[in-house]
Enquirer: 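I am attaching a structure below and will ask some questions about it afterwards.
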Protein chains: 4
Amino acid sequence: MKQNSHIIPSVVKDQRLIAQRRQQIVEGAVRLFIQKGFHKTTTREIAKECGLSIGTMYEYIQTKEDVLYLVCEYIHTQLEQRLRESVSDSDSARESLKKSVKNLFDTVNEMSSLIVLIYQETKSLPKDLMSYVLQKEEEITRIFEKILLRGMEDGTLSVDADSVKLMAHNIMVIGQMWAFRRWALSRYYDIEEYTKRQMSLIFEKLIPRGDEDGNRSASS
Amino acid sequence: MKQNSHIIPSVVKDQRLIAQRRQQIVEGAVRLFIQKGFHKTTTREIAKECGLSIGTMYEYIQTKEDVLYLVCEYIHTQLEQRLRESVSDSDSARESLKKSVKNLFDTVNEMSSLIVLIYQETKSLPKDLMSYVLQKEEEITRIFEKILLRGMEDGTLSVDADSVKLMAHNIMVIGQMWAFRRWALSRYYDIEEYTKRQMSLIFEKLIPRGDEDGNRSASS
Amino acid sequence: MKQNSHIIPSVVKDQRLIAQRRQQIVEGAVRLFIQKGFHKTTTREIAKECGLSIGTMYEYIQTKEDVLYLVCEYIHTQLEQRLRESVSDSDSARESLKKSVKNLFDTVNEMSSLIVLIYQETKSLPKDLMSYVLQKEEEITRIFEKILLRGMEDGTLSVDADSVKLMAHNIMVIGQMWAFRRWALSRYYDIEEYTKRQMSLIFEKLIPRGDEDGNRSASS
Amino acid sequence: MKQNSHIIPSVVKDQRLIAQRRQQIVEGAVRLFIQKGFHKTTTREIAKECGLSIGTMYEYIQTKEDVLYLVCEYIHTQLEQRLRESVSDSDSARESLKKSVKNLFDTVNEMSSLIVLIYQETKSLPKDLMSYVLQKEEEITRIFEKILLRGMEDGTLSVDADSVKLMAHNIMVIGQMWAFRRWALSRYYDIEEYTKRQMSLIFEKLIPRGDEDGNRSASS
DNA sequence: AATGAATGAGTTTTCATTCAT
DNA sequence: TATGAATGAAAACTCATTCAT
């Protein structure tokens, strides 16, 4: 696997300490970024919020943008972890997809503000850091891509080969949409309702004809 | 209909002049916001870009955020106008939806950077201005909602009444997704391919059973 | 003549105002740099000392180093002007040299702290600005070079052609030395004494044999 | 002789260790100060360059300025040592002067950057440390003063008693000038040429009339 | 109406020094 | 003795906004 993360230099040597302090920094920063956004949050506020002196904080990062990068990386890591949990090779691809899409909706619901944060602040990263973050986003999307491909093989999902990438992105976007359109959607749907309707929409298309939900490709 | 736009006070009285100058401001600002984002653009740069002195610019706005609001309003107005153009009451709802979804994809493709701008910078507006912008977004979504409702009535579209809002939002998001995921999608699809695949996905679900594409609901 | 000065961009347009404000800045900065040196003087102190707000000061410069450059340029301009005053083409070269060396000593004496400032802070300039300043120093040295060359032609001074540059530099350094070694020299000599002794040293070598001081190259 | 050096307190007791560590510090610091100057060099950089941890370094100094003092002292010590080497009581004063002036030029040539360093950074020392450094500079100058005085006694040099101090300073300055005006001089002279011309200038004045170069006061 | 010089609070970042281990 | 993480005061510079002309 290729290296997918940027190494932020630190003045401090002790790797364990670096990890711990950066965790502190991220946790403080996330809270503030959600409230006020990246630009309206000052470095001093971040330091205060995470219980470090400004000087100490700067021993673990180089610029304010590094904090944003750490935050994005953290969110993506959380997201990826949650999504991978629900995928098991012992399930059929269709089963796997069902679980993981359901899981996606739940996760987005819970990480709502974090998802919005990623959507809105990624562009504030310097070019090189941004590309790492986008790469990560793609990697996460690939989780669904892989399930779809598996479904093509085991015959439990029907997708046009050329639409696999697109479907994976659709799933991601429809999931995340609950976060960034919540302001409108939550007036009419709660997360269960939302999940149910969107899942049926997604699976309508994906389930092979004559193969009704819950059946194992039956008596054809 | 309720008033859906915020009135930004101006020192200048001549309404025609106000409109003209603000147009200048918006055009300059849009260019810069796309390049560097709202926060990294200075008011001086905006003034320069739109050919006004900083003092003059401030005769037509009150704060930098007003410029962002004007920009958002402008983008939404453009978008709405483009989307309304393709809707005609003489078409069947299904026909209408087809045209307008196609049109949505084209428009998003052309206004790509503007769509992304709205997605990323809306949150920088002060609360009250933001709500105007979100309202506008909802109004635009309602274009599709109305077509869907019309389709329920004229029988050319099949949607569950409770899913109408959701479908309208889905359409909007799948359209805009071409803008904010272009970095990933354009490696595999061009806009035609994207449009074709996404439309078939959307309509699969919406077209009444036994009523294949191109037919007018008939019984044959 | 080649351009020998760096143009520092200013946000302000009015050239007259720029000149006036920069004069203010230089005057304030010189006082502080002499007292505490460039590095230990803060931009806020400079602004305060010259009666401008920090924001206003920065409308006329780009960086703190620009202030140093302006100061160096100012000092050199003062120095050059003073030195050129004493040179007249109607005098013999020897006469001219005598006057201008005397004048150099007087000037260095009066501008003592400024001379020391140049010696000590030039190296704090960024490379490109430094080269302008060194160029200026060379130009000033050329004043003496020219007189020496004239002396070779009119026969009132005897120098080896290849030593002309060197002698010019020697004169400059022996002049400036009164500034940067004053801490030691002034315990034993006052400026008159210093001038008298150093001049006789310089001229001993330069006066053609048999041509005693005060004579006009006359007969014999 | 009076004590001419400042004692910098150290937490460490072992004098041998102190000397050794300070030597390390000076060597590292000199390299950096030459490159970037005193103010632009950080204590961390110094520590790194000399292979000590920042904490350890501070066991041997009290402030950053102490490092500068140590550096100045080191340079002066080097300089003084080199200059004293060439002086022998068995030579005539004139011979001695010749050797030591020649030696001065060579030394300045080799220690060029160090000489410039002293010239430019001495002023950054706190008052009390600076006076030690200036004292040292004077002591070195006294080397030449003594030779001149000896020349007055043994008749091999002709100087006005009141000019002795001045001549000694002149010699020093003309020597050091090769370092701090190298940027201009080296375009026209190399060190040999420079030495030859400056020596003849210095000695012209100093050699008793009728006593040509190389002669021992001959026939009188 | 238009101009653009003036303002200063606020921002990020640095770095000499300390001190617990 | 040696280490290096912690500290926070202080620095340079920016920029939205105002207001006299």
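Each chain gets a letter, A, B and so on, in the order its sequence line appears, and its residues count up from 1. Predicted model only: the values in this text are computed from it and were never measured.
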Enquirer: For the pair B:Y119 and A:Y119, name the ring-plane relationship: parallel under 30°, tilted 30 to 60°, perpendicular over 60°.
Expert: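 Tilted: the ring planes of B:Y119 and A:Y119 meet at 30° to 60°.
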
Enquirer: For the pair made of NZ in A:K64 and C1' in E:dT13, what is the distance, rounded to whole Å?
Expert: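 Between C1' of E:dT13 and NZ of A:K64: 12 Å.
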
Enquirer: Given pairs defined as Watson-Crick or G-U wobble with both distances under 3.5 Å, what dot-bracket annotation applies to DNA chain F, with ( ) intrastrand, [ ] crossing, | other strand and . unpaired?
Expert: .||||||||||||||||||||

Enquirer: Between B:H39 and C:F38, name the one whose nearest nucleotide on DNA chain F is closer to the 5' end.
Expert: C:F38

Enquirer: Rounded to whole angstroms, how far apart are CG on A:D66 and P on E:dT14?
Expert: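 Result: 11 Å.
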
Enquirer: Salt-bridged, B:K123 to A:E121, with N to O below 4.0 Å?
Expert: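 A:E121 and B:K123: salt-bridged.
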
Enquirer: Is the shortest side-chain heavy-atom distance between A:S113 and A:F33 below 4.5 Å?
Expert: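 No, their side chains stay 4.5 Å or more apart.
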
Enquirer: Counting only side-chain heavy atoms from C-beta out, which of E:dT13, E:dA2, E:dC15 sits nearest to D:T42?
Expert: E:dC15

Enquirer: With heavy atoms of chain B within less than 4.0 Å as the criterion, where does contact along DNA chain F begin and end?
Expert: F:dC15 to F:dT18

Enquirer: Parallel, tilted or perpendicular: which one describes the rings of C:Y132 and C:H6, with boundaries at 30° and 60°?
Expert: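 The arrangement is tilted - the two ring planes meet at 30° to 60°.
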
Enquirer: DNA chain F: C:I54 or B:R44, which has the more 5' nearest nucleotide?
Expert: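 By nearest-heavy-atom nucleotide position, the 5'-most residue is C:I54.
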
Enquirer: If you take all heavy atoms of C:T63 and C:I61, which pair is closest and at what distance?
Expert: O-CD1, 3.6 Å

Enquirer: So, B:S10 side chain and B:E59 main chain: donor-acceptor pair closer than 3.5 Å or not?
Expert: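 Here the side-chain-to-backbone pair exists.
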
Enquirer: Quick one: is E:dA2 close enough that its OP1 or OP2 comes under 4.0 Å of any side-chain N or O from B:R21?
Expert: yes

Enquirer: Show the nearest heavy-atom pair for residues A:S124 and A:H39, with the distance to one decimal.
Expert: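 Where A:S124 meets A:H39 most closely, the heavy atoms are OG-CE1, 3.2 Å.
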
Enquirer: Determine whether more than 12 heavy atoms belonging to other residues, nucleotides or ligands lie under 6.0 Å from atom NZ of D:K48.
Expert: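 Open.
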
Enquirer: Using a cut-off of less than 4.0 Å, is there contact between a side-chain N or O of B:S53 and OP1 or OP2 of E:dA2?
Expert: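 No, because none of the side-chain N or O atoms of B:S53 sits under 4.0 Å from OP1 or OP2 of E:dA2.
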
